[in-house]
Number of protein chains: 2
Amino acid sequence: MPPTPPARSRRRTGRPRSAEADRAILDATRAALVELGFAGLTLGDVAARAGVAKTTLYRRWAGKNELVVDTLAALFEEQLELPDRGSLHADIEGVVLRFAGLLDRPETRTALMAVVAEAGHDEALRDRIREAIVDRQKHLVLLGRARAQRRGEMPGDDGTADPARDDLIFDVVAGTVLHRVMVSSEPVDREWADRLARLLVGGLTANPGC
Amino acid sequence: MPPTPPARSRRRTGRPRSAEADRAILDATRAALVELGFAGLTLGDVAARAGVAKTTLYRRWAGKNELVVDTLAALFEEQLELPDRGSLHADIEGVVLRFAGLLDRPETRTALMAVVAEAGHDEALRDRIREAIVDRQKHLVLLGRARAQRRGEMPGDDGTADPARDDLIFDVVAGTVLHRVMVSSEPVDREWADRLARLLVGGLTANPGC
DNA sequence: GCAGTTACGCTACGACTCGTAGCGAAACCG
DNA sequence: CGGTTTCGCTACGAGTCGTAGCGTAACTGC
């Protein structure tokens, strides 16, 4: 995940950018988020932690928002997956617990909501979040839904794709967990995940048409 | 909604605080949020817009977060209610559309997620959000659920309260809408609200035990 | 090798925001 | 009227911002 694409087209001449610096900066950002939170994070501080000049940081990222989005994307990259647990219910329960675990980290807590807030009036940032984070999560929904259809767990389903339903499932799963953890400030345990999964599976089978 | 309670106990002596200044400050904050977003908002700017000295602002609010939370609370106070539409499905659809309308305002979009992000590492702020915003929304869920039970729309329900289920419904409704609007950046129209309501009602009736 | 190109660390800069302090005037109470 | 609190105003040191300029380091193509 290159932080900022090398300006225009590929550059084959000149001193190459230090990949080590990239890692150091992202790690430093993560640590700074944990200690200071998003609002308290300063690029000067990150540069100092990373052992890098502040100018180096500005050469790669446009500002705090972009840096934090890339840091978040790396975190999601590490954590999100959807192992096949044999049933739609179990798959949902699994991804819910995984996502909740991600939201338990202090760096995710403070950073995710903050960049989403900033994206509310920054189209470019919104696109960056979409491709770096959202699309990756949504892919898990498509995967889980396809598995369920293959297993025959969706009665009355003709097997064709229904993007609107996929979007709804995505928003229900991710949104409910996000709200539970970030807004209601209550824990997500196996029992709660089971309850949410049952509610969702029940609703899907009760509405075969959609 | 007094911004900051007058220090300790009531003061009956001295010059009283200007209620007009309160209104001017909250209005100015709202306008500044629309134009600049949460990150770009500065208290000096708010004071200038409100025609108030910066020191006056600091006498009442501890900082940006607290000011914005109170501004948000006033917005929610204006907008949230739950008229009886005759059925659980219609009630859910109604509150979903209302909440989505609130999230369409630029000041809500940028401010709500930002203060939630800050609350991730600020206990006092979290409590303030809870009582000023969250509890008020949750009350609507309790009201809607009680109505549905009175109508006999919850088969297999013994009529007793199940706080865990209420919390789940709350997180599903508020979280799904929040995620749809803020993260997925897609509109909430009547059709989508209907679909979510059907999913939820279906899930609740399919799981009588909970 | 050498010239060309790009990234690096470092320093310094003006502009801005922060939160606080000190002042005299204004507004309310007994 | 004296006591008390808030008001607007000004000023302040501290911290951050994002950029510019410099000399050096690293890599490519001739």
Side-chain angles (χ1 to χ4, degrees), chain A residues 2-29 32-33 35-68 70 114 118 122 124-125, chain B residues 2-29 32-33 35-68 110 114 118 122 124-125:
Chain A
T4 281
R8 301 271 160 96
S9 56
R10 284 282 187 86
R11 290 166 185 163
R12 22 184 96 182
T13 170
R15 177 175 176 174
R17 289 193 169 169
S18 164
E20 193 183 349
D22 276 351
R23 262 201 32 240
I25 291 173
L26 290 178
D27 288 348
T29 304
L33 281 173
E35 287 182 30
L36 310 169
F38 179 84
L41 181 145
T42 70
L43 296 199
D45 181 59
V46 170
R49 287 171 190 258
V52 162
K54 197 171 60 164
T55 43
T56 297
L57 217 158
Y58 276 103
R59 279 190 202 100
R60 309 187 184 202
W61 285 277
K64 193 205 277 199
N65 292 336
E66 289 76 10
L67 172 62
V68 171
D70 283 3
E118 286 305 301
D122 183 337
L125 188 63
Chain B
T4 282
R8 300 271 159 96
S9 55
R10 284 280 186 85
R11 291 168 184 161
R12 20 184 97 184
T13 171
R15 177 175 176 173
R17 289 192 169 170
S18 164
E20 192 183 350
D22 276 350
R23 260 200 35 238
I25 292 172
L26 290 178
D27 288 349
T29 304
L33 282 173
E35 288 181 30
L36 310 169
F38 179 83
L41 181 146
T42 71
L43 296 198
D45 182 60
V46 169
R49 287 170 191 258
V52 162
K54 197 171 59 164
T55 43
T56 298
L57 217 157
Y58 275 102
R59 278 191 202 99
R60 307 185 184 201
W61 284 277
K64 192 204 277 198
N65 292 335
E66 290 75 11
L67 173 61
V68 171
T110 189
E118 286 305 301
D122 184 337
L125 188 63

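Remember, predicted model here, so these are calculated numbers, not experimental data. Chain A is the first sequence line, chain B the second, and so forth, proteins listed ahead of strands; every chain is numbered from 1.
For B/Lys54, the side-chain contact (heavy atoms from CB on, under 4.5 Å) test picks out B/Ala47, B/Tyr58, with sequence neighbours left out. Residues satisfying the salt bridge (Lys or Arg N to Asp or Glu O under 4.0 Å) criterion with A/Glu35, sequence neighbours excluded, are A/Arg49. Legend: residues meeting side-chain contact (heavy atoms from CB on, under 4.5 Å) with B/Ala39, ordered by chain and number and at least two apart, are A/Glu118. Applying the salt bridge (Lys or Arg N to Asp or Glu O under 4.0 Å) test to B/Asp122 and every residue at least two apart in sequence or in another chain returns nothing.
Scanning residues 45-55 of chain B for heavy-atom distances under 4.0 Å to DNA chain D yields B/Gly51, B/Val52, B/Ala53, B/Thr55.
Mapped onto DNA chain C by nearest heavy atom, B/Leu41 and A/Ser18 fall at different nucleotides, with A/Ser18 at the one closer to the 5' end.
Considering only heavy atoms from C-beta on, B/Leu67 comes within 4.5 Å of B/Leu26 through its side chain. At least one side-chain heavy atom of B/Leu41 sits less than 4.5 Å from a side-chain heavy atom of B/Lys64.
When every heavy atom of B/Leu33 is checked against every heavy atom of B/Phe38, the shortest pair comes out as CD2-CA, 3.9 Å.
Straight-line distance from the CH2 atom of A/Trp61 to the C1' atom of D/dT19: 19 Å, rounded to whole Å. Remark: P of D/dG8 and CZ of B/Arg59 are 8 Å apart, rounded to the nearest angstrom. Distance, B/Leu57 CG to D/dG8 P: 10 Å, rounded to whole Å. One interatomic measurement links the two molecules: OH of A/Tyr58 to C1' of C/dA7, which rounds to 18 Å at whole-angstrom precision. If you measure from atom CG of A/Leu43 to atom P of D/dC17, you get 5 Å, rounded to the nearest angstrom. One interatomic measurement links the two molecules: CG of A/Asn65 to P of D/dG18, which rounds to 10 Å at whole-angstrom precision. Taking atom CG on A/Leu67 and atom C1' on D/dC17, their separation rounds to 15 Å, with Å as the unit. Rounded to whole Å, the distance from NZ on A/Lys64 to P on D/dC17 is 7 Å.
To the nearest 0.5 Å, atoms OG1 (A/Thr56) and CG (A/Asp22) are separated by 10.5 Å.
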Annotated protein contacts, base or backbone, on nucleotides 23-30 of chain D with a non-hydrogen cut-off under 4.0 Å, one of B, S, - each: --BBBS--
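Checked options A/Asp70, A/Leu43, A/Val46; the residue passing with A/Ile25 is A/Val46 (criterion: side-chain contact (heavy atoms from CB on, under 4.5 Å)).
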